[in-house]
Amino acid sequence: MHDLKSLRENPAFYDQNWARRGLAPQTPAILELDEKRRKLQTELQTAQNRRNEASKEIGSVKSKGGDAADLMAEVAALKDRMADLEAQEQDAATALNDLLSALPNMLADDVPDGADENDNVEIRRFGEPKTGNNAAVDHVAIGENLGMMDFEAAARVAGARFVVNKAGIARLQRALAQFMLDTHTTEHGYTEVDPPLLVSTDVMYGTTQLPKFREDQFETTDGRWLVPTAEVVLTNLVREQILDDSDLPLRYTAMTPCFRKEAGSAGRDTRGIIRQHQFYKVEMVSIVRPEESEAEHQRMVNCAENILKKLDLPFRTIVLCAGDIGFASRKTYDLEVWVPSQNKYREISSCSNCGDIQSRRMKARFKRPGAKDTEFVHTLNGSGLAVGRTLVAVMENYYDPTDGGIFVPEVLKPYMGGVSKIVKASS
RNA sequence: GGGCAGGUGGCAGAGUGGUUGAAUGCGCUAGUCUCGAAAACUAGUAUAGGUGCAAGCCUAUCGGGGGUUCGAAUCCCCCUCUGCCCGCCA
């Protein structure tokens, strides 16, 4: 949700900012509705005030044994008018809310201009990708040759965009998740959370998956939603709370399955596990004071990068341009890992500073010491990392063409029971 | 799934139709006292919105929604959450 007061005071700022995302001016319609709504509200409140007064008078007249018929007639008339005003005010408020909740966050000043992903800006690289190897074996071939990835079985039990991992690959993925979680909790100061995977509609609204991105979500028959990312649950942990200043910053991490319909992605990344209806992701979420969110953002990106560095996977970090940035985000860094079989970098993490757009929707506030008013917190989220895609990167970057095996990255060995290479079981 | 009991301010806990946004206690903040502290005393201490230059005034909120009434924390209905009992179940 957007700050109406601020929007009223500076509509040009909002329109200019939205224009960077390619949106037509929005504030004229908003301001008109807002004014209409407030006018109705004031009128309604005046009527309510008179009703309250009259009711008190009736009480006192009656207690003295007097006749309050005139006053009661006045209130009866007032009630009709109030019902009408209230309905109108509700309509205006709903319309205003619908309008506002469909509009994306304000971009940070230093977000580069641009129309789409081609205008994103690379800011740093790590590692040396093995380029030019068009014959690189992809993770599907590697996994199937090892007999540890079964897409046909997955299709039989669940349909397209699922996989069945087995044996060494299944364990490797578990090791990856474990390693990420341990690193975030012991080195990066995050608190591990084991959250619900089914959440309410309000929660999905809070982090902006609803109402605009309904098509990509799995809804249950009893009105709940499967989480598309742990961001949803972790961020909503502070919903409807007034936090104490000393509680901040809060840093949460969780490893969860994520469920997505991928409704708009038909035909994209159909091979392999790059884009699935269900995948594991280790997520980081920070809840911070407004003035701290920029620094926290940098910190979070470093935490995500650190995982890739420890795994010794080549990657690059980019800033998303105005045209490619997500709905809730003020500014987003993507980490892209080198995928040899595709001979390019692919997204493996996305770290976003959402400012106060989510906290406004969630009513997540905090109070500074001695302050009279509450303030909205800032929320940030980032993948640390997408486990399935990390598995792809490890399989392909650590592939041994001489025997079709996969070397286990050094940092994962403790999680693999001493196994240093995944090889085909001898039959 | 069935039944019973509940959900009131930061916490505890009154309140069962009429200045009750809400007693009282605790906690917290400020002041008095003190060399300082404790104790005691005094005052203050919810959230959101509207309106106003401002002081302020007004509206709403006692789990959520709807209803009855001139008037609802108090009465009625639905939902939800918590506790307990029974049933079922990983």
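Chain identifiers are assigned alphabetically (A, B, ...) following the order of the sequence lines, protein sequences preceding nucleic acid strands; residue numbering begins at 1 within each chain.
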Report the base-pairing partner of B:U19 (Watson-Crick or G-U wobble, both distances below 3.5 angstrom), or none. none
Once you round to the nearest 0.5 Å, how far does CE of A:M180 lie from CE of A:M284? 10.0 Å
Establish, from distance only, whether the side-chain atoms of A:T317 and A:E305 form a donor-acceptor pair under 3.5 Å. yes
A:S383 backbone acceptor or donor facing A:S349 side chain under 3.5 Å: yes
Check A:R260 with A:E262, please: is the shortest side-chain N to carboxylate O separation under 4.0 Å? no
Under 3.5 Å donor-acceptor, A:R289 side chain and A:D245 backbone: yes
Taking A:N105 for its side chain and A:A328 for its backbone only, find out whether a donor-acceptor pair lies under 3.5 Å. yes
Using the C1' atom on both, measure B:U80 against B:G31 and round to a whole Å. 45 Å
Should B:G1 form a Watson-Crick or G-U wobble pair with both distances under 3.5 Å, which nucleotide is its partner? B:C86
Name the nucleic acid region contacted by A:I58, choosing base, sugar-phosphate or nothing; use a 4.0 angstrom heavy-atom cut-off, strictly under. base
For B:C41, which nucleotide is its Watson-Crick or G-U wobble mate, given both distances must be under 3.5 Å? B:G31
Looking at every strand, decide which applies to A:R360 at a 4.0 Å heavy-atom threshold: base, sugar-phosphate, or nothing. nothing
Across the strands shown, which category fits A:K367 at heavy-atom distances under 4.0 angstrom: base, sugar-phosphate, nothing? sugar-phosphate
Dump every N/O contact between nucleotides 55-58 of chain B and the protein below 3.5 Å, one line per pair.
{"from": "B:C58", "atom 1": "O3'", "to": "A:N49", "atom 2": "ND2", "distance (Å)": "2.7"}

Using a 4.0 Å heavy-atom cut-off, does A:L44 contact any base of the nucleic acid, only the sugar-phosphate backbone, or nothing at all? nothing
Using the ring pair (Phe, Tyr, Trp, His ring centres under 6.0 Å) rule, take A:H277 and A:F162 through it: C-alpha gap first, then chi angles, then the decisive distance, then the call. CA-CA 6 Å; A:H277 287 308; A:F162 288 93; 5.4 Å; yes
Counting only side-chain heavy atoms from C-beta out, which of B:C70, B:A60, B:U19 sits nearest to A:M72? B:C70
Under a 3.5 Å limit for both distances, which nucleotide forms a Watson-Crick or G-U wobble pair with B:C57, could you say? B:G50
Applying a 3.5 Å limit to both distances, which nucleotide forms a Watson-Crick or G-U wobble pair with B:U69? none
